[in-house]
Amino acid sequence: VTARGRTGRTGGRTEIQSERPAGDDAAAGRVLIVDDTPFNRQLLARLLRGLGHDPVEAGDGREALARLRDAEAPAIDVILLDIVMPEMDGYEVLAALRDDPALSHIPVIVISGVDELDSVVRCLEMGAADYLPKTVDPAILKARIASSLARKRLHDAERESIDRQAASNEVLAIMSRSAFDLQVVLDAVVRAAVRLCRADYGVAYLLEGDTYRVAASAGGTGELDDWERHHPIGPGRDSVVGRVALIGEAISLDDVLADREYFATPGQQVAGYRTLLGVPIAQDGSVTGVLALTRNEVRPFGDADRALATGFAEQAAIGIANARLLETIERQRGQLARFLSPQVASLVSSPDGEALLAGHRREITAMFCDLRNFTGFSESAEPEEVLGFLRRYHATVGALVVDHEGTLEHFAGDGIMVFFNDPELQADHAARAVRMAVAIRERFAEIGDEWRRRGHVLQVGIGIATGYATMGRIGFEGRYDYGGVGNAIILASRLSGEAAPGEILIAQRTFAALDGAVPAEDAGERQLKGFSRPLGVFRVATEPAAVEQAEAS
Amino acid sequence: VTQPPIDAATFGKLVEMTGGDLEFVDELVDTYLQDGASQIAALEAGAAAGDIDALVRPAHSLKSSSLNLGALVVGELARGLEEAARTGDASDAADQVRAIADAFAAARTSLANERGQRTRG
């Protein structure tokens, strides 16, 4: 919709007057005179014209109905109906109008002689609004027409308001159904705007970089859409879209061809549109898009159209804001995942996340791993070396946690705590924990070799335990962790402390849950700090081959 | 007392209604005479055929335009015929149609005279 235009309100006025005399002036209407006597029609038409109305004549009922049902012809506001007519008389016309939902709302004034009052009563019973004496009296004619016209206007306004309300509700319903699907929202907005503003073509442009590009359109041909899509519009005074972008306000152009500064683009030539309306789609005061509507004839958009289009543009703006919000949430979720385990990150932004964070009891497998003689290393090595080592260690373990879909509770220096089966359920949580531990041990062996060459002996000890724990948000306002409280967690930590360098110790319950998925051997009973009696402990096989074999089977 | 073919007061009101646009009044009169002639032809045909029902509509049409123009004699005669035809009691329809045709001819002459005087004066 490129249209060079100086101002929004030039040209076309006189043309409109002849085309829509009743359009904006509530006191004037288009009156259909249905009378078989040419003398009467001629006289009434003359008088109506004198009152500022636009008379249309029909010689009998059939002709009148044909005119009323002609979708191309401008709508009739009031019908003046004679009763005695050839072809189709007044009663038949009244019956036909009553049965036609598209016409039943048009007020009918019956023309009747004083000697025909019985027929008047019958007509009123059939839905006629009023009657006029056959002996024409201009004062009475004026009053009766004005009253019926007022009634029609009221009805029109009511119907329009209902229609607009319905369309607006439709858009709102679509927005609530697919709030985050911008395309669906924009399509609905443009469709509704075209329909309610009686436009032929509508486009929603969105700002991309420096130019406004077609994001949705309705009513156009493929050729027109194609042209518009390939011709983004920049802000500037040479187009309606550009001008809206420039001043941030609605612009209407009554006739693009009557405007001296208008430059007919191929798009305009393809569509042949004449009248344009552009309203801004604004976000925080800046024009992020433009809703443009066109009409293929010179028929300026009125204030009501402008108000409607503005409303739809606001809905489009909400749609855009929603879509941005979603993007932000997605981005934050992505960023969060770099700090939290992906499981916890998705939990934070999921609908049932709040309930899970509030705390729940669940069977988990906890894995705790820390380094033997890390204290000695950190005292003897340079701080940069220590940090470099930790980065490598964390990166290695972190990647393995992600691979095995564990929930990382914390990194604390050399200690790492990982849960399985929470917040996401994992039927094989014990096996996952043990396999991850085996993988950590293998990868750490490579890192340990490197450091051994530099004179530092670093080895990892791992403990794993399975049991019920209360999981959820732990901490205080401003610093929360996702964690758990339970014996299994303490036991994993104690087993890790108990483990010799390179050893993976698992609790009895974990061993049972493994059910042979990973080979392990009895390591006897151990008396662990904080536990009243000795507990059975198992050791995961040290040969990688044995583990792999068990995994493969 | 015989009524004049055209009632001056009614005709005057018609002229007044048009805002004194005599050119338009002439047009209206022409329409009346033309249409009136065809209604009378329809009445004559109906009467000749003895088709009483066929008299209602032309009589009705002639009545309303005549009364609005001021051709009150034609209007009243047409009203009488319309009512008679409606009730099915139109044994003297042929006489009534003849009387209407005569009154219409008188109205035509009167209207022509009025216009003649106006254009001369």
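Letters A, B, ... mirror the listed sequences (proteins, then strands); counts begin at 1. Every value quoted in this text rests on a predicted model; they were computed, and no experiment measured them. Just so you know, these numbers use all the heavy atoms, side chains as well, and skip hydrogens, waters and symmetry mates.
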What's the separation between atom [atom1] in [X] and atom [atom2] in [Y], rounded to the nearest 0.5 Å?
X	Y	atom1	atom2	result
B:Gln39	A:Thr37	CD	OG1	6.5 Å
A:Asn40	B:Asp35	CG	CG	8.5 Å
B:Ser64	A:Asp35	OG	CG	6.0 Å
A:Thr135	B:Lys13	OG1	NZ	7.5 Å

Is chain A contacted by the side chain of B:Glu27, its backbone, both, or neither, given a heavy-atom distance below 4.5 Å? both

Leading residue by heavy atom contact count with chain A [cutoff under 4.5 Å; candidates B:Asp21, B:Val29, B:Leu67, B:Leu62]: B:Asp21

Residue pair [X] / [Y]: nearest heavy atoms and the distance that separates them:
X	Y	value
B:Arg57	A:Met85	CD-C, 3.6 Å
B:Arg86	A:Val84	NH2-CG2, 3.7 Å
B:Leu28	A:Phe39	O-CD1, 3.5 Å
B:Phe24	A:Gln42	CZ-O, 3.6 Å

For B:Ser61, does its backbone N or O pair with a side-chain atom of A:Asp36 as donor and acceptor, under 3.5 Å? no

A:Asp89, part contacting chain B, at a heavy-atom distance under 4.5 Å: neither

Does the side chain of A:Leu43 reach to within under 4.5 Å of the side chain of B:Thr31, using non-hydrogen atoms? no

Assess whether atom OH of A:Tyr131 is packed by more than 12 heavy atoms of other residues, nucleotides or ligands within 6.0 Å. no

B:Gln34 CD: over 12 foreign heavy atoms closer than 6.0 Å: no

